[in-house]
Amino acid sequence: MELVEERPYRFRIDPRRGMRVPGVVFASRELLRDAEKSLEQVVNVATLPGIVGASYAMPDVHWGYGFPIGGVAATDIDAGGVVSPGGVGFDISCGVRLLAADRDRQALEPALPALMDGLGRVTPRGAGPGGVWRLSGHRELERVLEGGSRYAVEQGHGEERDLRRCEDGGAVTGADAGRVNERARERGIGQVGSLGSGNHFLEVQQVMEVYDEPVAAAFGLAAGQVCVMIHCGSRGLGHQICSDHVRAMDRAMARYGIDVPDRQLACVPVDSPEGRAYLGAMAAAANYGRANRQLLAEAARRVFRRETGSRLTLVYDVSHNLAKTETHRVNGEARRLCVHRKGATRAFPPGHPDLPEDLRGVGQPVLIPGTMGTASYVLTGVSGGGAFHSTCHGAGRVMSRHQAARAVGGKELRARLEADGIAVRPLSWRGLAEETPEAYKDVDAVVEASEGAGLCRKVARLVPLGVVKG
DNA sequence: ATGTCC
């Protein structure tokens, strides 16, 4: 792939065969080693009808279903722009929630084993059913799908203030429970408040380093402080919605005269019956994912209160797998865009009108989960970023699950992590081994490149004290 | 990511 280095951490792929816009890749040469397949996907995405600006790749880009993970693509809704489920991903609204304790590491150190045992006990995880919230029935599931974290808080699962620190106030608009079919509902009804598996985790962390003290303070973070980070998504419900709509769009595409270089890029105009159906269902799954994180946070709060008497305050909750309708200036003109972020995090700059008042001066908290056993980051949005206010979402995988499990045994890995002072509460040895840190890119390098590319700014670095895994 | 194949 021919990459033109425009400036440090920014490469361009010039338009060729069918590309409507260039590709823009934010990364270092080192991070792009073995990235050929994902760069082909960046090129494929650039052919989508209505795409504006560029087909973007974040520094953690890696190969995904149709679109690369770590990809951003915006389409012009009023100019026939398309929406594609592959641009959101199977785990709709997968994201991160960070809570800060009112204690530092020293104060909580003696209680850590009990905290980890408690968190391990109350956190449903792994594949299949199970969740901390038993819904009264399908009517209540509809409320979750349309109300997200807001509905959870209304039902007593959280505090009103939480909602001010959630993307979209805890519930995305446009959710249509009527678009969520029976099968997705059946899968979703018993999983509200569950972690899932794979790279999802709940970690107890410590703020190791603060890069920007005033911004960290505005976020509610200080050096030494203990935090809880929750990384999960919309479980089987989101997965079902994605599968159903990929199939439906694959069949409908030809009727709109759309031809894509890869069937996994199935898409239809945003402004079409199939497009609206997907976006209504996707928004419902997004709210499900938010309620999911709200419930897990409440369970963690109860454990912290019971074991230590400490309180957990929400720093922020943000998704990194979502398509959203946003207004951006394109060639000097304000346009309504469908911004697909797949493994990419929205990062509003200071002054953005959609930020809550107390964060407007400093920008949006961007939460970057590292790999199990490695650092995580809190970043903030900056002006002029250049990818529709988006940045990276974490470390990208470099080793397949199978390769990872062959490279290390679960028990051996746990011993290694515990020797490093990280308590581990796994569900399965195999699942643990598949998530070994060497299976992922170096999150420090990813964040370095994201900041170097001008997509965001570092605020704090967090290291794990204990991890609960599916 | 995912009742890791309807």
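On a predicted model such as this, the values are computed, not experimentally measured, just so you know. Numbers restart at 1 for each chain; the letters A, B, ... are given by sequence-line order, proteins then strands. Atoms considered below: every heavy atom in the structure, side chains included; atoms not considered: hydrogens, waters and symmetry mates.
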Query raised in the report: Do other residues, nucleotides or ligands put more than 12 heavy atoms under 6.0 Å from R143(A) CZ?
Result: no
Query raised in the report: Whole Å only: how far is the CG atom of N321(A) from the P atom of dT2(B)?
Result: 11 Å
Report task. Could you check E435(A) against A127(A) and say which one's nearest nucleotide on DNA chain B is further toward the 5' end? Result -> E435(A)
Query raised in the report: Quick one: is R235(A) getting a side-chain N or O under 4.0 Å of the dT2(B) phosphate, OP1 or OP2?
Result: yes
Report task. May I ask you to say what Q191(A) touches in the nucleic acid, namely base, sugar-phosphate or nothing, with a heavy-atom cut-off under 4.0 Å? Result -> sugar-phosphate
Report summary line: Atom CZ of R183(A) and atom P of dC6(B) are separated, to the nearest Å, by 7 Å
Report task. Round to the nearest Å and state the distance from R247(A) atom CZ to dC5(B) atom C1'. Result -> 12 Å
Query raised in the report: dT2(B) C1' sits how many Å from I241(A) CD1, rounded?
Result: 13 Å
Query - Nearest-angstrom distance from the residue atom CG of L195(A) to C1' of dT2(B) - result: 14 Å
Report task. Output yes when at least one side-chain N/O atom of S197(A) is less than 4.0 Å from OP1 or OP2 of dT4(B), else no. Result -> no
Could you go through residues 62-71 of chain A and list every donor-acceptor pair under 3.5 Å that involves a side-chain atom there, pairing it with any protein atom two or more places apart or in another chain?
from   : atom 1 : to     : atom 2 : distance (Å)
H62(A) : ND1    : D60(A) : O      : 3.0

Requested in this report: Name the nucleic acid region contacted by G196(A), choosing base, sugar-phosphate or nothing; use a 4.0 angstrom heavy-atom cut-off, strictly under.
Outcome: sugar-phosphate
Query raised in the report: For G198(A), which contact category applies under a 4.0 Å heavy-atom criterion: base, sugar-phosphate, or nothing?
Result: sugar-phosphate
Report summary line: Taken to the nearest whole Å, NE2/H200(A) to P/dT4(B) is 16 Å
Distance-only criterion, 3.5 Å: show the donor-acceptor pairs between side-chain atoms of residues 462-470 of chain A and protein atoms not counting sequence neighbours.
from    : atom 1 : to      : atom 2 : distance (Å)
K469(A) : NZ     : G198(A) : O      : 2.9
K469(A) : NZ     : H200(A) : O      : 3.3

Query raised in the report: In this structure, are over 12 heavy atoms from other groups packed under 6.0 Å from R33(A) atom CZ?
Result: no
Requested in this report: Rounded to the nearest angstrom, tell me the gap between atom CZ in R397(A) and atom C1' in dT2(B).
Outcome: 14 Å
Requested in this report: Write down the distance between CG (N181(A)) and C1' (dC6(B)), rounded to a whole number of angstrom.
Outcome: 14 Å
Report task. Run the ring-centre check on H231(A) versus H320(A) and record whether the distance is less than 6.0 Å. Result -> yes
